[in-house]
Amino acid sequence: MNHQYQQQIWQTVLQIPCGKVASYGQIADLAGLPGRARLVGKALGVAPEALKVPWYRVLRSDGKIAFAAQSEQAKNQTALLQQENVAVFNNRVKLTLFQWQPDLADLLFKLNY
DNA sequence: GATGTGACTTAAT
DNA sequence: TATTAAGCCACAT
């Protein structure tokens, strides 16, 4: 059986609205997996393209893009974010301006908790 | 089983 | 801001 946690992670990331970002830890918590931020990155890495999971809206807790600054992946993620009017400077996003502030009660309801 | 490795986080320095 | 150390956990060796 496929790991349930991946589904929960993908579903949670899908809740991030266009133009907003979230951290790996935040997604882990909302997905019911506190302390397992690393699993979020892993799950995003194997997310089916068909699900169209906005993986690029997920950043480190300090707002930095998780990939090496010069990497193609980081460049690509930066481009996708800027496409949604999210400002990226030095491989980092200003969380005070762009971080997603989910309505927990509403989200938990959607996730059937 | 033991070890090393990450798309991580927090706290301390 | 940068660096460390410790905690985290699925996976590959």
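Every chain is numbered from 1 and lettered A, B, ... according to where its sequence line falls, protein lines coming before strand lines.
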Where do A/Y24 and A/L44 land on the side-chain contact (heavy atoms from CB on, under 4.5 Å) test, with the steps shown first? CA-CA 10 Å; A/Y24 293 92; A/L44 290 180; 4.3 Å; yes
For C/dA12 and B/dG1, measure between their C1' atoms and round to the nearest Å. 14 Å
Would you mind classifying the nucleic acid contact of A/L44 as base, sugar-phosphate or nothing, using non-hydrogen atoms under 4.0 angstrom? base
Where A/D29 and A/G35 come nearest, the two heavy atoms and their spacing: OD1-N, 4.0 Å
I need a per-nucleotide contact map over nucleotides 8-13 of chain B, read 5' to 3'. Cutoff is protein heavy atoms under 4.0 Å; write B for the base, S for backbone only, - otherwise. BSS---
Trace of the side-chain contact (heavy atoms from CB on, under 4.5 Å) decision for A/K42 with A/Q6: CA-CA 9 Å; A/K42 203 151 289 209; A/Q6 295 185 327; over 6 Å; no
List the atom of A/A68, the atom of A/A74, and the distance in Å for their closest heavy-atom pair. O-CB, 3.1 Å
Between which nucleotides of DNA chain C, read 5' to 3', does contact with chain A run, using atoms under 4.0 Å from its heavy atoms? C/dT1 to C/dC11
Please report the shortest heavy-atom distance between A/P102 and A/Q26, naming the atom on each side. CD-NE2, 3.5 Å
Begin from the C-alpha positions of A/V40 and A/T12 and carry the test side-chain contact (heavy atoms from CB on, under 4.5 Å) through to its verdict. CA-CA 10 Å; A/V40 175; A/T12 304; over 6 Å; no
Between B/dA7 atom P and A/N91 atom CG, what is the distance in whole Å? 14 Å
Rounding to an integer number of angstrom, what distance separates B/dG6 and C/dC8 when you compare their C1' atoms? 12 Å
Does the side-chain contact (heavy atoms from CB on, under 4.5 Å) test come out yes or no for A/E72 and A/F67, once each step is laid out? CA-CA 9 Å; A/E72 283 306 310; A/F67 302 107; over 6 Å; no
Salt bridge (Lys or Arg N to Asp or Glu O under 4.0 Å) evaluation trace for A/E84 with A/K20: CA-CA 8 Å; A/E84 299 186 345; A/K20 291 291 180 180; over 6 Å; no
